[in-house]
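In what follows, a single structure is set out as structure tokens and then discussed.
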Amino acid sequence: IGTGSRGCWLIRNMLKLENIVVTDVCDNYPPHLQNGWEDAGGNARKYEDYRLLLEQKDIDAVFIATPLVWHVPMCIDALSAGKHIYCEKSLSYTVKEADDVVNAVKNSGKKFFVGYSRYTHAINKIKELIKQGAIGEIKHIFTHYHRNNTWERPCDDPKWFRHLNWRLYWEYCGGLMTELVSHQINKVNYILDSHPLSAMGKGSVGTYTQHNRETWDNVHVVFEYPNDITVNSTSILTNAKYGVSEEYLGTNGSIKTYGGRVFIYWEEDTKHLDEIGIKGEPVNISLGQSLNIPQDPVETPGKEILFEGEKINIIQHFFDCIRYDLKPEIDVEEGRISSISVLMANKAIQEGRKVYWDEMVEGSTSIDVNSDYRGKLPESYYLFQNFPNPFNSSTTIEFHLPEDEYVEITINNTLGKVVKNLVKGYYTAGKHTIKWDATDESGLSVASCLLYTSDAADELDGVDLGGR
């Protein structure tokens with residue numbers, strides 16, 4: 001489901017494996033749908049509506065490679081249809097969605113794998129070395145996800161521009177943090193067996209201001225982890241010198257990853273550490289044939305760590321989990337933690353303050369954290385978000401009030417500005433239905449429908465999107 005560049009990559013790689021048939025492909029952009037169909041061998045059934053795909057009884061598993069905003073709704077529908085799921089990262093658009101999909105997986109009995117890149121021999125070895133104390137006590141970690149491009153995809157037809165360039169707009173994703181940095185924070189969480197306690201940072205659209213871009217083209221975030229470990233994460237689109245790399249800095253040495261290779265360095269003088277109870281000498285470890293030389297200090301080139309065994313194939317691992325009832329290495333719980341980590345960073349940047357983990361997860365089953373992206377209104381609930389753009393159809397809105405309330409329902413654009421007032425007045429307790437015929441408002445750019453009340457109702461039963 002979703003046969004853009006990533007979806008087609010998944011198709012091509014799964015077909016290299018044995019006993020796999022790609023039975024169906026789905027995308028609502030015709031050229032992508034055609035590409036996926038051809039990559040699948042030209043015999044698969046094809047759809048523009050994923051719900052028709054899920055109705056097919058002969059499907060064992062689905063791969064979801066769509067824009068982030070659709071991950072969880074599609075996952076929950078697929079679980080309801082009895083399918084195993086491989087979902088691309090980041091898992092969820094909001095904290096509430098992360099909770100919802102975790103519960104759905106628990107109730108389904110199906111296998112669920114999140115497509116992060118950390119399941120490799122290299123990351124497993126780094127974790128092992130750090131646990132052994134190979135470089136002393138870890139206090140600082142730096143992650144870089146740097147590119148030098150606009151992050152835009154070419155598009156000749158203006159009506160498809162936002163659709164193809166969804167990474168540039170908040171209504172579809174969380175920008176650099178959810179699409180790139182989440183890979184590295186997932187690794188850090190795994191290596192440290194923890195999650196960040198807080199985040200603060202800065203982000204801006206500093207260079208690529210064309211096409212009304214919304215998501216930042218540079219982000220700089222400081223995460224605080226237990227044991228006074230600080231993680232500095234940056235992602236920029238104007239310089240690629242550091243590429244995709246991580247550095248784990250310990251009291252006795254450092255481990256650096258770059259371009260799929262891993263290097264280890266030792267500090268030259270660490271005797272002073274003995275005075276404060278930290279072992280001053282590096283732990284004697286075996287790192288492979290390339291390290292049968294003295295442990296020179298950091299000023300010399302690092303020693304490359306070599307790995308034995310074939311490269312781990314995460315697609316094969318997902319299929320093995322289904323066939324042999326194995327636990328996925330990167331399961332829905334891990335995906336939830338990684339999603340909340342980067343959503344916390346985005347919230348910190350958006351609000352210009354330090355944001356704490358506890359406030360992210362407290363009450364997360366009822367409040368949509370990502371609502372802050374579209375202009376914060378007091379005591380408000382997002383009934384639904386992410387209308388098609390432009391929005392030009394009819395919609396039915398249903399809401400339930402536990403008591404008599406003064407209610408306003410507004411339609412908002414991507415900047416949180418009210419573009420239409422649908423409801424303004426007192427409503428009695430109970431269920432209410434509002435119909436909005438927007439067929440005469442073709443071209444209206446809409447991001448969300450928001451309800452707020454005098455006391456902020458405690459219960460909302462959900463929304464019927466009228467077929468969307």
Side-chain angles (χ1 to χ4, degrees), residues 1-27 31-47 50 52-67 70-71 74-75 77-79 81-91 101 105 108-125 179 182-183 186-187 190 244 259-261 306-335 338:
I1 301 175
T3 53
S5 59
R6 186 62 179 178
C8 286
W9 181 91
L10 289 166
I11 291 172
R12 292 191 297 271
N13 280 276
M14 71 178 76
L15 287 178
K16 296 176 182 178
L17 306 175
E18 295 181 356
N19 301 320
I20 296 298
V21 177
V22 179
T23 60
D24 305 78
V25 292
C26 176
D27 202 291
H32 283 177
L33 179 59
Q34 181 65 20
N35 291 341
W37 183 75
E38 292 175 359
D39 282 347
N43 295 314
R45 297 169 298 219
K46 52 184 178 179
Y47 314 89
Y50 77 96
L52 298 178
L53 180 150
L54 294 179
E55 291 176 358
Q56 308 309 309
K57 303 301 183 183
D58 58 341
I59 298 175
D60 296 306
V62 298
F63 286 69
I64 294 176
T66 64
W70 296 115
H71 283 186
M74 289 179 172
C75 285
D77 287 347
L79 290 168
K83 317 301 184 188
H84 302 282
I85 297 174
Y86 179 115
C87 180
E88 275 299 332
K89 57 77 205 147
S90 180
L91 175 62
V101 74
V105 172
S108 71
K110 297 299 177 180
K111 303 300 180 182
F112 193 104
F113 183 87
V114 184
Y116 279 112
S117 60
R118 75 123 180 105
Y119 186 35
T120 65
H121 292 304
I123 299 303
N124 291 338
K125 186 64 175 180
E179 301 310 306
S182 62
H183 274 297
N186 175 255
K187 294 176 187 177
Y190 169 72
V244 181
R261 302 169 71 184
L306 301 183
F307 307 99
E308 297 181 356
E310 297 181 2
K311 183 178 179 181
I312 297 174
N313 187 313
I314 57 176
I315 300 175
Q316 181 68 65
H317 169 70
F318 171 61
F319 292 144
D320 288 345
C321 289
I322 297 171
R323 289 185 171 122
Y324 309 119
D325 193 25
L326 305 177
K327 182 181 184 298
E329 276 291 328
I330 308 177
D331 62 11
V332 68
E333 294 276 5
E334 183 174 333
S338 297

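Predicted, not measured: the structure shown is a model, and the values here were computed from it.
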Value rounded to 0.5 Å, distance of CD1 in I314 from SG in C321: 11.5 Å

Which atom of Y116 lies closest to which atom of G335, heavy atoms considered: CE1-CA, 4.5 Å

Flag side-chain contact, heavy atom, 4.5 Å: I64 against E88: no

N43, CG: over 12 other non-hydrogen atoms inside 6.0 angstrom: no

Minimum heavy-atom distance I11-G36, with the two atoms named: CD1-O, 3.8 Å

Between OG on residue S117 and CG on residue N186, distance to nearest 0.5 Å: 7.5 Å

Distance in Å, L52 CG paired with K46 NZ, rounded so as to fall on 0.5 Å steps: 14.5 Å

Chi angles and distances behind the side chain to side chain contact (heavy atoms under 4.5 Å, CB included) call for R45, T23: CA-CA 6 Å; R45 297 169 298 219; T23 60; 3.9 Å; yes

Interatomic spacing from CG in D27 to CG in L53 - rounded to 0.5 Å: 11.5 Å

Closest contact, heavy atoms only, I59 versus A61: CG2-O, 3.3 Å

pair M14-Y86: side-chain heavy atoms closer than 4.5 Å: no

Heavy-atom closest contact (K89 atom, S182 atom, distance): CD-OG, 3.7 Å

Side-chain touch V101/F112, heavy atoms, less than 4.5 angstrom: yes

Note, N313 side chain near L17 side chain (heavy atom, < 4.5 Å): yes

Backbone N/O of C8 and side chain of T3: donor-acceptor pair under 3.5 Å: no

H84 side chain vs I322 backbone, donor-acceptor pair below 3.5 Å: no

Trace of the side chain to side chain contact (heavy atoms under 4.5 Å, CB included) decision for N19 with F319: CA-CA 10 Å; N19 301 320; F319 292 144; over 6 Å; no

Shortest non-hydrogen contact from L91 toward V332: CD2-O, 3.8 Å

Distance-minimising heavy-atom pair for A44 and V22: CB-O, 3.7 Å

Q34 side, atom CD; E38 side, atom CD - distance, nearest 0.5 Å: 4.5 Å

N124 CG: over 12 foreign heavy atoms closer than 6.0 Å: yes

Main-chain N/O of T66 paired to H71 side chain as donor or acceptor, under 3.5 Å: yes

D24 and its side chain to side chain donor-acceptor pair (under 3.5 Å) partner, picked from W37, Y47, Y50: Y47

Sub-4.5 Å side-chain heavy-atom contact between P328 and F318: no

Pairwise side-chain contact, F113 with I330, heavy-atom cut-off 4.5 Å (strictly under): yes

M74 side, atom CE; L54 side, atom CG - distance, nearest 0.5 Å: 8.5 Å

Salt bridge (Lys or Arg N to Asp or Glu O under 4.0 Å) partners of residues 110-123, not counting sequence neighbours, each pair once: K111-D325, R118-E334

